[in-house]
Each structure stands twice: as structure tokens, then as C-alpha cells.
Amino acid sequence: VRNNKTRKSRDEIPMAHIIADTNVFYYLGSGKVKLAQVVEAGDTIHYSPITVLEIAGKLTDRTFEQRKAAATAILDS
């Protein structure tokens, strides 16, 4: 999760490409974290194919509802 620093201008800090861990999408899906805490305006958030496998597969003890919420967070981000 990003710290609360904000950009003063576009030239000061380049836009970021964030590759989020699977747990970030679980946190987004549960509402523990808001997308604005992970990315700032203009940034892009990405996921790896492994993230999809971890969420879709039953590799963890997460419930179906938790996996569904995480998958929805990917689609909404």
C-alpha cells in the first residue's frame, strides 16, 4: 500500500505501473484496502497470471466468496 504522499506535478514523479500481489486483490475485495491506497490517479494496476491461478484454484483455504470478491477487485481495478 502506498504511503500518503501525493504528487505535486506530473513532472515530479512519473506515473507508476503497479503489479499487485494476490493478497492486495483479496484486501480490495474485502474492503480492507481501497484502490486509492494502492494506486494514484494515472497509475495502472496489473496482476500476474499466477494471481488468477491463485484466486481461481483452491490453493488456499479462502472461501468461494473471498475468491469471488478478489476476482471482482481485479475486474474493477
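For Thr22, the side-chain hydrogen bond (donor to acceptor under 3.5 Å, both in side chains) test picks out Thr51, Glu54, with sequence neighbours left out. Every residue meeting the side-chain hydrogen bond (donor to acceptor under 3.5 Å, both in side chains) condition with Asp21, not counting sequence neighbours, appears here in chain and number order: Asn23.
Every pair passing ring pair (Phe, Tyr, Trp, His ring centres under 6.0 Å) that includes a residue from residues 32-54 is listed here, sequence neighbours excluded: His17-His46. Counting only residues at least two apart or on different chains, no ring pair (Phe, Tyr, Trp, His ring centres under 6.0 Å) pair has a member in residues 52-74.
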Counting only pairs under 3.5 Å, give me each side-chain donor-acceptor contact of residues 25-33, with atom names and distances, residues two or more places apart or in other chains.
unit_1	atom_1	unit_2	atom_2	d
Ser30	OG	Tyr26	O	3.4
Ser30	OG	Tyr27	O	3.0
Ser30	OG	Lys32	N	3.3

Donor-acceptor list for residues 70-77 side chains, cut-off 3.5 Å, not counting sequence neighbours:
unit_1	atom_1	unit_2	atom_2	d
Thr72	OG1	Lys68	O	2.9
Ser77	OG	Ala73	O	3.2
Ser77	OG	Ile74	O	2.9

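Within 6.0 Å of atom CG in Leu35, more than 12 heavy atoms from other residues, nucleotides or ligands are found, so the atom counts as buried in its surroundings.
Counting side-chain heavy-atom gaps under 4.5 Å among Ile, Leu, Val, Met, Phe, Trp and Tyr, the cluster of Ile50 also holds Leu53.
Here the shortest heavy-atom pairing between Ala16 and Asp43 reads N-OD1, 2.9 Å.
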